[in-house]
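Values below: every heavy atom of this structure, side chains too, minus hydrogens, waters and symmetry copies. Lettering of chains follows the sequences in order, A, B, ..., and the numbering in each one begins at 1. Treat the numbers as computed from the prediction; the structure is a model and nothing was measured.
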Amino acid sequence: MPAPIRLRELIRTIRTARTQAEEREMIQKECAAIRSSFREEDNTYRCRNVAKLLYMHMLGYPAHFGQLECLKLIASQKFTDKRIGYLGAMLLLDERQDVHLLMTNCIKNDLNHSTQYVQGLALCTLGCMGSSEMCRDLAGEVEKLLKTSNSYLRKKAALCAVHVIRKVPELMEMFLPATKNLLSEKNHGVLHTSVVLLTEMCERSPDMLSHFRKLVPQLVRILKNLIMSGYSPEHDVSGISDPFLQVRILRLLRILGKGDDDSSEAMNDILAQVATNTETSKNVGNAILYETVLTIMDIKSESGLRVLAINILGRFLLNNDKNIRYVALTSLLKTVQTDHNAVQRHRSTIVDCLKDLDVSIKRRAMELSFALVNGNNIRGMMKELLYFLDSCDPDFKADCASGIFLAAEKYAPSKRWHIDTIMRVLTTAGSYVRDDSVPNLIQLITNSVEMHAYTVQRLYKALLDDISQQPLVQVASWCIGEYGDLLVSGQCEEEEPIQVSEDEVLDVLEGLLVSNLSTPVTRGYSLTAIMKLSTRFSSLNRIKKVVSIYGSSIDVELQQRAVEYNALFKKYDHMRPALLERMPIMEKTATNGPSETVQTNGETDSTILDTKHLPSISQPASQANDLLDLLGGNDVVPIIQTTVPTKPASAGGELLDLLGDLSLTVIPPMTAYNKNGLIIEFTFERSNPNPNIAVITIHATNSTEADMTEFVFQAAVPKTFQLQLLSPSSNVVPAFNQGSVTQVIRVLNPQKQQLRMRIKLTYTHKGSPVQDLAEVNNFPPQSWQ
Amino acid sequence: MQFMLLFSRQGKLRLQKWYVPLSDKEKKKITRELVQTVLARKPKMCSFLEWRDLKIVYKRYASLYFCCAIEDQDNELITLEIIHRYVELLDKYFGSVCELDIIFNFEKAYFILDEFLLGGEAQETSKKNVLKAIEQADLLQENFSSQSPHNCLSTP
């Protein structure tokens, strides 16, 4: 059998292949030859064959049949064999392979070989890819070599120990004695690897950390020698002596000095020295400065040193070298929390980095910019950030949009500005906005009562331009559903009101339903919006028609909604106004998104139509209609109904917790109603977080000799107010003033108008129903001013 | 360091050194993605990029890209120096190294790397010492080769 071709020959041949297929053919042929050669157990050419196999492996072809051959090579006495064998092992025999463990014995023998280069091979292999079992078995050998005086082996043993510790942390203790005099070595290789080993141990164990703190003076001395010593050709890199060692020492000092006053003080001087004396014209010097800055910021350094560090970073920001600018931004991001003011000084440079062409720099600059936004610079910063949002890559847009929303929420100088900012984000990056932004934005818009008309107008106009961006469309359709009446009545104060008819609005919403661009979620939003407009618009027939069409939609969600809305039209029409009325102010809960403290609306809760609830709810609903009739419709906002006391107390309970926030200014109570033995007293509190909200608690007492049962209290307020009625404590007012019924009313009064209220009482007394209406006007000024 | 890759401008792999255990499939996937990402970078961009949860440091020398994946706490700028040191070692060993040297002598490139780095960290910071060790090991190889009747691995 002819000798297998040489490695270089094979490489040359394969490189002549002109197509992938040709190459594959050559490879297959050679693999077959190699396979048969392996089968013949040929010792002479095994090395050559494995080397060729490794080359083919690098090209991407399978080479697993060479694994055992690598083992045989490792076991051979020839150095050449071992060299290739170990290389093959490192490439083909990682710990996931079954035969990996078979190496252990060979490695053990080679660790004790007479030739240091063989020992080196074994240490290298073990330290690069030894499995946990192997490390356990061989840790003792490594520990022995860590104590040898041969620096060639000692440095390798140190890094091998690092690997062992990473794989089997419990073995860390056994290396402790050997570390005793590692730092007294003169050899830089050993010093460097020892520092790496010490770093690994300190990072993993607080005990080790305290133990090694005593090394700080020694480390400082070594570092000082490196800086002060003259030119050393062996370790010089662009005029700096052994930068690799300097950087590793600085990193170890960082770990040792963190949180420890004494150590930090001991290293203060050397850090200042390195920071001021290091040459900054080349990358090497800057690498050391970078590590120094990180160390200064992490330990308990004195303020002068910290200022020095931030200034170094500031200089980095102006460096021509992009890499330096990049690490500067990264470091500033780490320090912005602790040294906020110092970093603010570099704000304009950071904002300029937003315009950099490099993606990594842009991202860092964006993150840093968000960290630097505060109440003072919000307008200027937002301008830059919005401009950035317009022009940045799609990968950034989601993060940027979220960041802008957060910043706007925290620091918005005015509501109008806030809404405008949101509009800008939705229209320029609307499809990248995160899904959870939609409910957050809706909540924000709801709570900006005076901006409703302006908001819905702007959103409507945006919809006319573009319906492809789903979050924008969802927020817009929700708003149109809620505030469509404001839209058609042309009430906008903030800008020129537009003329739009009910039909045009419905055209737009229906357009969303049929458009291919709309997702199912969006369709759901627009159907509900159309439904809500049935109480705000007069084109009832059109809306009824749309709703009934979607009753047979393929989309299950849409179908369900349409069917329920249909039912609302047909059977529960008297409930419709109450269900579809304006949303109350939403409280932001600790979790995410808004939640309502009082009930349902057509969008979320379809259990309202559940039959068992019906008897208790239908009565108040009809009474609401009655109220509307009596109070002449126009200037009264329909109230939100209370539930019967059976509704879970949690909603009310939550609110009662919130009441804990209330300010302590005492507002005098008043008697709102006093007739036929029924006295209703109002007590007041002003809500702390929102000064426009007055919280009224009613106390109903009964001085007659019979209980008043089925007691229901209702209230209505003028249009400029919003009202929330919570669950009453009970619906029986006991006789002889033995107890009272309490109920909480929350009134939102953004325009601070004088509070007026009409109340309606119904109850059963001595077997007969009683009903009464009254007006309450004598509210104390403190309750509404 | 978690791994180092050397690849050409056409995306052909010339050297791969992995310091973390990964399956062959994962290695191939990572290599493919990373090569694509780095080759797509414009010449003026900075040498660092974030990729998955790692920091990638890369530098182009003539027709070869040297690409390292380091961890969060590692210093990017000194990694550039590590890459440069490795190139210097190759240059000194091969005498004005070019891509072809690394293609035809890939095993030597590995040997040199393994004398410079171990487990992802530098084991020797003196250029002279690394080259000396390689020289000695090559001599050992020569000695053995001259004793046996066949040349198993001929020198280039």
Side-chain angles (χ1 to χ4, degrees), chain A residues 3 6-8 11 44-45 47-48 51 54-55 58-60 78-80 83-84 87 94-96 115 117 120 123-124 127-129 152 155-156 159-160 162-163 188-189 192-193 196 234-235 237 242-245 247 251 283-284 286-287 290-291 322-323 325-327 357-361 363, chain B residues 12-19 21-24 28 41-42 44-50 73 75-82 84-85 103-107 110-111 114-115 118-129 133 136-137 140-141 143-145 148-154 156:
Chain A
R6 296 205 159 90
L7 171 64
R8 324 275 174 231
I11 297 175
T44 332
Y45 295 113
C47 182
R48 184 185 291 187
L54 293 178
Y55 178 74
M58 185 145 64
L59 290 178
K78 293 214 280 264
F79 183 67
T80 314
R83 239 185 168 185
I84 294 291
L87 179 60
D94 63 46
E95 61 187 47
R96 287 152 176 267
T115 314
Y117 297 104
L123 280 168
C124 181
C128 286
M129 41 84 82
Y152 177 79
K155 69 188 187 196
K156 289 183 195 272
L159 288 182
C160 202
V162 171
H163 180 82
H188 279 224
H192 185 272
T193 57
V196 174
E234 199 178 329
H235 297 111
V237 181
D242 206 338
F244 304 106
L245 183 55
V247 164
R251 187 161 147 186
N283 182 60
V284 221
N286 288 322
Y290 175 38
E291 197 73 37
K322 277 206 197 308
N323 296 333
R325 289 212 296 279
Y326 175 88
V327 304
L357 293 166
D358 186 308
V359 166
S360 317
I361 291 186
R363 178 167 283 281
Chain B
K12 289 209 111 130
L13 200 58
R14 298 301 179 206
L15 190 144
Q16 49 173 336
K17 188 76 190 177
W18 299 85
Y19 295 110
L22 289 167
S23 73
D24 239 9
K28 285 212 167 99
R41 303 268 289 179
K42 302 194 185 58
K44 288 279 185 193
M45 293 177 125
C46 80
S47 300
F48 314 127
L49 59 105
E50 294 100 32
Q73 59 270 43
N75 182 326
E76 294 96 319
L77 297 178
I78 207 75
T79 309
L80 278 174
E81 292 300 320
I82 298 244
H84 190 73
R85 174 56 64 88
I103 294 172
F104 279 93
N105 300 284
F106 71 94
E107 84 276 12
Y110 273 108
F111 296 153
D114 285 338
E115 278 302 324
L118 201 159
E121 304 281 352
Q123 57 180 287
E124 180 57 65
T125 56
S126 152
K127 228 187 306 187
K128 189 179 85 182
N129 286 351
Q136 301 281 31
L140 256 184
Q141 210 175 291
N143 285 340
F144 273 116
S145 295
S148 69
H150 305 275
N151 274 343
C152 302
L153 265 190
S154 60

Heavy-atom cut-off 4.5 Å, strictly under: side chain, backbone, both or neither for [X] against chain B?
| X | result |
| --- | --- |
| A/Leu87 | side chain |
| A/Glu95 | side chain |
| A/Val162 | neither |
| A/Arg325 | neither |

Option that, when pairs with chain B are counted at under 4.5 Å, heavy atom only, ranks first among [options]:
| options | result |
| --- | --- |
| A/His188, A/Arg363, A/Arg251 | A/Arg251 |
| A/His235, A/Met129, A/His163 | A/His235 |
| A/Gly120, A/Cys128, A/Ala287 | A/Ala287 |

If you take all heavy atoms of [X] and [Y], which pair is closest and at what distance?
| X | Y | result |
| --- | --- | --- |
| A/Tyr117 | B/Ala137 | CD2-CB, 4.4 Å |
| B/Leu118 | A/Leu123 | CD2-O, 4.2 Å |
| B/Leu80 | A/Asn323 | CD1-ND2, 3.6 Å |
| B/Phe48 | A/Ser360 | O-OG, 3.0 Å |
| B/Cys46 | A/Tyr326 | SG-CD1, 4.0 Å |

Whether the side chain of [X] engages the backbone of [Y] through a donor-acceptor N/O pair (distance < 3.5 Å, no angle test) should be reported.
| X | Y | result |
| --- | --- | --- |
| A/Asp358 | B/Lys44 | no |
| A/Asp94 | B/Pro21 | no |
| B/Asn75 | A/Tyr290 | no |
| A/His192 | B/Thr125 | no |

- Message: Apply side-chain contact (heavy atoms from CB on, under 4.5 Å) to residues A/Val237 and B/Arg85 and explain how you reach the verdict.
- Response: CA-CA 9 Å; A/Val237 181; B/Arg85 174 56 64 88; 3.4 Å; yes

- Message: Which residue in the set A/Arg83, A/Arg8, A/Arg48 passes salt bridge (charged side-chain N to carboxylate O under 4.0 Å, His left out) when paired with B/Glu107?
- Response: A/Arg8

- Message: Is it the case that atom NZ in A/Lys322 sees more than 12 heavy atoms from other parts of the structure closer than 6.0 Å?
- Response: yes

With only heavy atoms counted, which part of [X] is less than 4.5 Å from chain A, the side chain, the backbone, both or neither?
| X | result |
| --- | --- |
| B/Lys17 | side chain |
| B/Leu22 | backbone |
| B/Lys128 | side chain |

- Of all of B/Asp114, B/Leu13, B/Leu15, which one pairs up most often with chain A through heavy atoms under 4.5 Å apart? B/Asp114

- Separation between CD (B/Gln16) and CE (A/Met58), nearest 0.5 Å, reads 7.5 Å

- Is any side-chain heavy atom of A/Glu234 closer than 4.5 Å to a side-chain heavy atom of B/Asn129? yes

- Task: Please examine the side chains of A/Asn283 and B/Glu81, heavy atoms only from C-beta on, and report whether any two atoms are closer than 4.5 Å.
- Result: yes

- Show your reasoning for whether salt bridge (Lys or Arg N to Asp or Glu O under 4.0 Å) applies to A/Lys156 and B/Glu124. CA-CA 9 Å; A/Lys156 289 183 195 272; B/Glu124 180 57 65; over 6 Å; no

- Item | Pair B/Leu49-A/Val359, side-chain contact (heavy atoms from CB on, under 4.5 Å): steps then yes or no | CA-CA 8 Å; B/Leu49 59 105; A/Val359 166; over 6 Å; no

- Task: Answer with yes or no whether the side chains of B/Glu115 and A/Tyr152 bring together a donor and an acceptor at under 3.5 Å.
- Result: yes

